Amino acid sequence: MAIDRILKDEATEEKGERARMASFVGAMAIGDLVKTTLGPKGMDKVLQSTGRGHSVTVTNDGATILKSLHVNNPAAKVLVDISKVQDDEVGDGTTLVVVLAGELLREAEKLVN
């Protein structure tokens, strides 16, 4: 079966170093997104829905931010999933696990390079 029949028209295929770097960048972007909400000087994020009505939400809750994201990057999806698991099991610390995993991946990228 040819790869052309599996992938959609707008799909792209990445291999090797490019795929690895895309995973690192996507996961670190998710970590950086919620990192700025931590602490006493944590910033709020303005979330605008893409559906009907375009509702606007202002929050600094990492779990709320991550639930509202539509992520295509596989490594970034893993970070969103660990946030959901943390919320289901413990009920707190969702932002912390994402930031911690993002920073571990940042250090892993340095070691890979």
Side-chain angles (χ1 to χ4, degrees):
M1 178 177 257
I3 192 77
D4 297 335
R5 291 187 222 146
I6 296 173
L7 299 176
K8 293 182 179 180
D9 292 336
E10 66 273 359
T12 60
E13 180 182 7
E14 293 182 0
K15 294 182 181 179
E17 185 65 26
R18 288 188 64 142
R20 185 179 308 117
M21 293 310 295
S23 292
F24 280 132
V25 168
M28 288 185 299
I30 295 291
D32 290 342
L33 174 69
V34 295
K35 185 191 309 185
T36 58
T37 65
L38 289 173
K41 295 185 179 183
M43 293 187 289
D44 290 342
K45 302 289 183 190
V46 178
L47 307 174
Q48 182 177 2
S49 70
T50 56
R52 183 178 282 182
H54 298 290
S55 64
V56 175
T57 306
V58 178
T59 184
N60 69 351
D61 179 37
T64 304
I65 295 167
L66 292 170
K67 286 177 187 174
S68 67
L69 292 178
H70 300 287
V71 181
N72 290 331
N73 186 299
K77 281 184 183 180
V78 170
L79 290 185
V80 172
D81 289 344
I82 64 170
S83 169
K84 289 178 183 174
V85 169
Q86 178 74 10
D87 192 32
D88 293 344
E89 294 294 323
V90 181
D92 195 19
T94 54
T95 304
L96 178 67
V97 297
V98 171
V99 170
L100 179 62
E103 290 302 315
L104 288 172
L105 285 169
R106 189 178 310 276
E107 293 301 314
E109 178 192 20
K110 292 177 187 176
L111 292 173
V112 168
N113 288 335

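Every value quoted in this text rests on a predicted model; they were computed, and no experiment measured them.
A salt bridge links Glu103 with Arg106: the closest approach of a Lys/Arg side-chain nitrogen to an acidic carboxylate oxygen falls below 4.0 angstrom. A salt bridge does not link Asp87 with Lys84: none of the charged nitrogens is closer than 4.0 Å to a carboxylate oxygen.
Residues Gly26 and Ala76 approach most closely at O-CB, 3.7 Å, considering heavy atoms. The minimum heavy-atom distance linking Gly31 with Val98 is given by the pair CA-CG1, 4.1 Å.
For the atom pair CG (Leu33) and CG (Leu79), the distance works out to 11.0 Å, reported to the nearest 0.5 Å. Atom-to-atom distance recorded for Met28:CE and Glu107:CD is 10.0 Å, nearest 0.5 angstrom. We find the CG-CG distance between Leu105 and Leu111 to be 11.5 Å, quoted to the nearest 0.5 Å. Atom OG1 in Thr94 sits 8.0 Å away from atom NZ in Lys67 (nearest 0.5 Å).
A donor-acceptor pair under 3.5 Å is absent between the side-chain atoms of Asn73 and the main chain of Ala27, judged by distance alone.
In this structure, Thr36 and Lys45 have side chains that are in contact, with non-hydrogen atoms separated by less than 4.5 Å. Counting heavy atoms from C-beta on, the side chains of Thr37 and Thr95 come closer than 4.5 Å. For the pair Asn113/Glu17, a side-chain contact is recorded, criterion being any heavy-atom separation below 4.5 Å from C-beta on. Contact of the Arg20 side chain with the Glu109 side chain is not registered, since no non-hydrogen atoms from C-beta on lie closer than 4.5 Å. Taking 4.5 Å as the limit, some side-chain heavy atom of Leu69 sits within range of a side-chain heavy atom of Ile30.
Heavy atoms of other residues, nucleotides or ligands lying less than 6.0 angstrom from CD of Glu89 number 12 at most. Around CG of Asp92, the count of heavy atoms belonging to other residues, nucleotides or ligands within 6.0 Å does not exceed 12.
Connection of Val85 to Val90 is not established within any shared hydrophobic cluster, with ILVMFWY side chains joined at heavy-atom distances below 4.5 Å, either directly or through further cluster members. Taking hydrophobic clusters as Ile, Leu, Val, Met, Phe, Trp and Tyr residues chained together by side-chain heavy-atom distances below 4.5 Å, Leu96 does not share a cluster with Ile65. Val78 and Leu100 are members of different hydrophobic clusters when ILVMFWY side chains are connected at heavy-atom separations under 4.5 Å.
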